*Asks:* 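Sharing a structure, written as structure tokens. Questions coming.
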Amino acid sequence: MKKHLLFLGPPGAGKGTQAAILSEANAYLHLSTGELLRQEIDSHTLLGKQVKGIINKGELVSDQLVLEIVKKNLNKENKGWILDGYPRNLSQVNSLNDVLIKLNQPLEIVFYLDIPEEVLIKRLLMRGRKDDNEETIKTRLEIYKKTTEPLIEYYKNLSLLQYINADGDLKNISTDIKQKMA
Ligand code: B4P
């Protein structure tokens with residue numbers, strides 16, 4: 001079974017949801033950069049103060065700040081890990097490659113959660129997090145298309161990409177992912 005996984009997809013595709021299910025079932029580390037940044041905001045840390053405005057506008061936090069968070073959490077002690085929301089651009093891909101070479105833990109599979117735009121907009125508006133309003137969602141989608149979507153082709157060329165239809169029942173999506181990582 002694969003132990004080093006990455007979830008890729010637009011905001012609201014279900015990356016966080018599926019990564020949580022899978023990490024719990026396998027006792028893998030679930031590394032969500034978005035979640036870790038929100039924790040910093042909630043704890044009123046210096047980092048939290050630096051990123052709050054950026055996240056609430058739907059923009060990307062600086063590559064350097066996110067890399068620090070990733071380095072702090074990825075280490076050899078993990079039984080396995082799932083990266084959720086990182087990397088989000090090609091510069092982050094390169095930094096991640098460096099980190100993984102040092103750890104000697106190459107990425108084994110990338111799940112691309114595909115979903116029609118109208119479905120994810122509905123999901124995000126229903127969730128209603130601070131950065132889930134119409135204007136912010138529009139910004140997040142634009143940034144996703146411009147900077148994150150090219151990663152699909154990158155990982156496809158490395159033969160790491162697995163396509164997941166993320167428009168459907170949670171359990172069916174989970175089953176599909178589990179079968180593909182076996
Ligand atoms: P994230 O926390 O990654 O937020 P997200 O893209 O919206 O995905 P999330 O995982 O939360 O949503 P999911 O699809 O699971 O990022 C937030 C912000 O942090 C970014 O905008 C950015 O500012 C910053 N950030 C994070 N990483 C960064 C990085 N690497 N570089 C720079 N900045 C970074 O779920 C959405 C909703 O759909 C949920 O309510 C869920 O319950 C529902 N849902 C899921 N699956 C479903 C299904 N099958 N059916 C029905 N509903 C479903």
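Below, each value reflects all heavy atoms present in this structure, side chains not excepted, and no hydrogens, waters or symmetry copies. Each ligand, and each atom within it, is numbered from 1 in the order the structure gives. Computed from a prediction, not measured in an experiment: that's the story for all the values here.
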*Asks:* If a pair satisfies side-chain hydrogen bond (donor to acceptor under 3.5 Å, both in side chains) and one of its residues is in residues 141-151, list it, with sequence neighbours excluded.
*Replies:* E117-K145
*Asks:* Mind checking what makes salt bridge (Lys or Arg N to Asp or Glu O under 4.0 Å) contact with E68, not counting sequence neighbours?
*Replies:* none
*Asks:* Considering only heavy atoms from C-beta outward, does the side chain of M181 approach that of L22 to under 4.5 Å?
*Replies:* yes
*Asks:* Checking side chain to side chain contact (heavy atoms under 4.5 Å, CB included) between L8 and each of D114, L151, L113, I164, which is the one that passes?
*Replies:* L151
*Asks:* In terms of side-chain heavy atoms, does D98 have a donor or acceptor partner in S95 at a distance below 3.5 Å?
*Replies:* no
*Asks:* Quick one, list the residues around ligand 1 where some non-hydrogen atom comes in under 4.0 Å, by chain and residue number.
*Replies:* P11, G12, A13, G14, K15, G16, T17, T33, G34, L37, R38, I55, E59, L60, V61, V66, G85, Y86, R88, Q92, R123, R127, R129, D131, R140, G168, L170, I173
*Asks:* Going by side chain to side chain donor-acceptor pair (under 3.5 Å), name the residues that satisfy it together with S174, two or more places apart in sequence or in a different chain.
*Replies:* Q18
